[in-house]
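Sequential numbering from 1 along the given sequence is applied to the chain's residues. Remember, it's 1-based here, ligands and their atoms both numbered in the order they're listed.
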Amino acid sequence: MRREKGNAFFIHTFGCQMNLADSGIITALLQQEGYVVADSDATAGIILLNTCAVRENAVDRVGHLLQHLHGQKKRNKHLIIGVVGCIPQHQREELFARYPAIDFLAGPDTYRTLPELIAQAQRGGKGATLAFNTAETYDGIEPVRQSAISAFVPVMRGCNNMCAYCVVPFTRGRERSQPFDSVVREVQNLAASGYREITLLGQNVNSYYDDRAVCDFAALLDAVSREAPQARIRFTTSHPKDISESLVRTIASRPNICNHIHLPVQSGSSRMLGMMNRGHTIEEYREKIALIRSLIPDVTLSTDIIAGFCGELEDDHKASLKLLSDVRFDAAYMFYYSTREGTLAAKTLEDDVPEAVKKRRLQEIIDLQNSISAELFCEAIGSVVEVLAESESRRSSAQLMGRTAGNRAVVFDRERYQPGDLLDVLVTGATSATLIGRLMHSGTHLSVNMR
Ligand code: SAH
Ligand code: SF4
Ligand code: F3S
């Protein structure tokens, strides 16, 4: 018999939405085997770290937690610690030497082996399952979801793109898509359970392709939006090369597909994009933006951008600033370059931009983007936006936080409303990250007409 605490697990999730979704799959797999969810580290006999390897600081955060858990394990020698996700796939068995507290390692394609790894650890053995398996899509596993309002649905896993700076192809393996029928079934179940927002996920979500059903991402998105007409449909992350006219037309024509596209650019300079192996020039990127804006005039766009990649000159950096000024993204995730072992850049390019220059360039990018976001948000003052309430606001339980279809955060006095309600809100103020609003008094509507 397992001791009660030994049976309870707690997952710390780091990294992207794919990892969040995977933690739901891990939870389901472990619950099937009789393990139960603990509400914190303190009450868990098994602690899992679902990790991210994309940048050095993401790896450092996991290192700090492992050091802390090492102390906890000294006090409780029955505690079992597993590291899963992208770091084990990248650093492999060398993690055991660096962090003796670890009992087992598993990668994104081997979560079905977790019960066995845990049982082995309970017998005192260390184990690692780090094989890639392109057949694994966790088809048939009903993930345990954190929210009753918003759900993530992974539709493709892995990445074939090999951007020079990026570790993801090495941590997630080759691309594979979930069968069309199984995505549709999952979405039907979510719609029947009353979910109000469904986000289709993939490292390159728009390269989705089901050979058997002969179905690309545009067709999948169209089908999903019809199966869940009362839910907002989102998707992330899109790659510029896979933005097709048919995809843009699908987004434009289906009222419940949110008019928001997250389209990482990484640099405003074609020279840098070439060295990054992104597979397109900046002119081609700008053409995709023009196509999107011509077919979806009220679209909001967001991006990812890296400052200080190998060989980046001041002119390349200026081209990134110019791109931000020209496109006027609603929001951006902004990073300075950090070398990842094993990548093309680590093997063939020199990380030659001094750290102080990387940080200065990043700060210029952040300052510019914040001022653009603030301008765009100020322009929204006086308009009425449709908001899906997600949660109580962080500041006060008398306020709700929700998002517009364009993914802008809005905070407003809640009156009698609850998370999950779809509400018309008059925008009365703005910061660079949040709109402040006041409820209009037409009440909750049921239609999903989302401007
Ligand atoms: N599949 C997605 C996300 C990849 S990781 C995509 O293709 O966009 C998320 C972001 O992290 C990337 O878009 C990139 O901007 C950033 N990133 C990846 N590797 C990095 C590195 N070595 N240094 C700094 N930023 C990096
Ligand atoms: Fe990384 Fe590029 Fe793949 Fe995105 S498309 S996960 S940045 S290799
Ligand atoms: Fe990180 Fe892995 Fe996601 S490296 S960004 S958790 S795919």
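- In this structure, CG in Asp367 is found 11.0 Å from CD in Gln369, a value given to the nearest 0.5 Å.
- Distances below 4.0 Å separate heavy atoms of Val54 from the following atoms of ligand 3: 1 (Fe), 4 (S).
- Phe329 and Tyr285 have tilted rings, their planes meeting at an angle from 30° to 60° on a 0 to 90° scale.
- Regarding atom 13 (O) of ligand 1, its nearest protein heavy-atom neighbour is Asp304 OD2, 2.6 Å.
- Not a single heavy atom of Met18 lies less than 4.0 angstrom from ligand 3.
- Looking at Asn160, its side chain does come within 3.5 Å of a backbone N or O of Glu175 through a donor-acceptor pair.
- Close approach of ligand 3 to Arg172 is summarised as follows: ligand atoms under 4.0 Å from at least one heavy atom of the residue are 7 (S).
- The contact set between ligand 2 and His239, taken as ligand atoms under 4.0 Å from a residue heavy atom, comprises 5 (S).
- A donor-acceptor contact shorter than 3.5 Å links the side chain of Arg176 to the backbone of Arg174.
- Remark: the backbone N or O of Ala332 is not paired with any side-chain donor or acceptor of His262 at under 3.5 angstrom.
- Among Arg55, Glu56, Met334, the residue whose heavy atom lies closest to atom 16 (C) of ligand 1 is Arg55.
- Of the heavy atoms in Gln266, only side-chain atoms (C-beta onward) come closer than 4.0 Å to ligand 1.
- The closest donor-acceptor contact from the side chain of Lys288 to the backbone of Ser244 lies at 3.5 Å or more, if one exists at all.
- Checking only distances, Thr237 never comes within under 3.5 Å of ligand 1, N or O to N or O.
- Contact annotation: for Phe335 versus ligand 1, heavy atoms closer than 4.0 Å belong to the side chain alone.
- At distances below 3.5 Å, at least one donor-acceptor pair connects side-chain atoms of Ser325 with backbone N or O atoms of Leu321.
- Remark: side-chain polar atoms of Thr281 are paired, donor with acceptor, to backbone N or O of Glu284 under 3.5 angstrom.
- Counting heavy atoms from C-beta outward, Gln178 and Pro154 have side chains that stay 4.5 Å or more apart.
- Atom 21 (C) of ligand 1 is approached by the protein to below 4.0 angstrom, counting heavy atoms only.
- What sits closest to atom 4 (S) of ligand 3 on the protein, heavy atoms only, is Ala53 N, 3.3 Å.
- Interface atoms of ligand 2 facing Tyr165, defined by a heavy-atom separation under 4.0 Å, are 7 (S).
- Looking only at heavy atoms of the protein, atom 4 (C) of ligand 1 is closest to Val168 CG2, 4.6 Å.
- Ligand 1 has no N or O atom lying under 3.5 Å from any N or O atom of Tyr337, backbone or side chain.
- Shown in contact with Val54 at under 4.0 Å from a heavy atom are these atoms of ligand 1, numbered in order with element: 5 (S), 18 (C), 19 (N), 20 (C), 21 (C), 22 (N).
- A donor-acceptor distance shorter than 3.5 angstrom exists from the side chain of Tyr195 to the backbone of Ser147, with no hydrogens or angles considered.
- Contact annotation: Arg340 has at least one heavy atom less than 4.0 Å from an atom of ligand 1.
- Not a single heavy atom of Arg172 sits less than 4.0 Å from an atom of ligand 2.
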Which is it for Lys241 and Glu287 under the salt bridge (charged side-chain N to carboxylate O under 4.0 Å, His left out) test, yes or no, and what are the steps along the way?
CA-CA 11 Å; Lys241 77 170 166 33; Glu287 279 163 22; over 6 Å; no
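- A donor-acceptor pair under 3.5 Å is absent between the side-chain atoms of Tyr165 and the main chain of Asn277, judged by distance alone.
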Kindly determine whether Arg196 and Glu390 satisfy salt bridge (charged side-chain N to carboxylate O under 4.0 Å, His left out), including the steps that lead there.
CA-CA 10 Å; Arg196 305 308 309 268; Glu390 285 177 12; over 6 Å; no
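- Asp316 and Ser269 form a side-chain donor-acceptor contact under 3.5 Å, judged by distance and modelled atom types alone.
- The shortest heavy-atom distance from Gln203 to ligand 3 is under 4.0 Å.
- Ligand 1 places these atoms under 4.0 Å from at least one heavy atom of Ser338: 21 (C), 22 (N), 23 (N), 24 (C).
- With respect to atom 5 (S) of ligand 2, the closest heavy atom belonging to the protein is Asn161 ND2, 3.3 Å.
- Interface atoms of ligand 1 facing Pro264, defined by a heavy-atom separation under 4.0 Å, are 8 (O).
- With Thr27 contributing its side chain and Val144 its backbone, the two residues share no donor-acceptor pair below 3.5 Å.
- Considering only non-hydrogen atoms, atom 6 (S) of ligand 3 lies nearest to Asn19 out of Asp22, Thr237, Asn19.
- Considering Arg361, His317, Lys358, Arg271 as possible partners of Glu312, the one that fulfils the side chain to side chain donor-acceptor pair (under 3.5 Å) test is Arg361.
- Nearest protein heavy-atom neighbour of atom 19 (N) of ligand 1: Tyr165 CD1, 3.3 Å.
- Of the protein's non-hydrogen atoms, Cys52 SG, 2.4 Å is the one closest to atom 1 (Fe) of ligand 3.
- In this structure, atom 1 (Fe) of ligand 2 lies nearest to the protein heavy atom Cys166 SG, 2.3 Å.
- At least one N, O or S atom of Cys159 sits under 2.8 Å from atom 3 (Fe) of ligand 2.
- Looking only at protein heavy atoms, the nearest one to atom 8 (S) of ligand 2 is Cys163 N, 3.4 Å.
- Looking only at heavy atoms of the protein, atom 2 (Fe) of ligand 3 is closest to Cys86 SG, 2.3 Å.
- The protein heavy atom nearest to atom 4 (Fe) of ligand 2 is Arg278 NH1, 4.4 Å.
- Among all protein heavy atoms, the one lying closest to atom 3 (Fe) of ligand 3 is Cys16 SG, 2.3 Å.
- At a 4.0 Å cut-off, at least one heavy atom of Tyr336 sits close enough to ligand 1 to count as contact.
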Test salt bridge (charged side-chain N to carboxylate O under 4.0 Å, His left out) on Arg157 and Asp22; report intermediate values, then the result.
CA-CA 11 Å; Arg157 302 172 71 89; Asp22 281 358; 2.9 Å; yes
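- Against a heavy-atom cut-off of under 4.0 Å, Pro169 is close to the following atoms of ligand 2: 8 (S).
- The residue Thr237 has no part lying near ligand 2, judged by heavy-atom distances below 4.0 Å.
- In this structure, the side chain of Asp330 does not engage the main chain of Thr300 through any donor-acceptor pair within 3.5 Å.
- With a 4.5 Å cut-off on side-chain heavy atoms, Phe335 and Val54 do not count as touching.
- Nearest non-hydrogen protein atom to atom 2 (C) of ligand 1 is Gln203 O, 3.6 Å.
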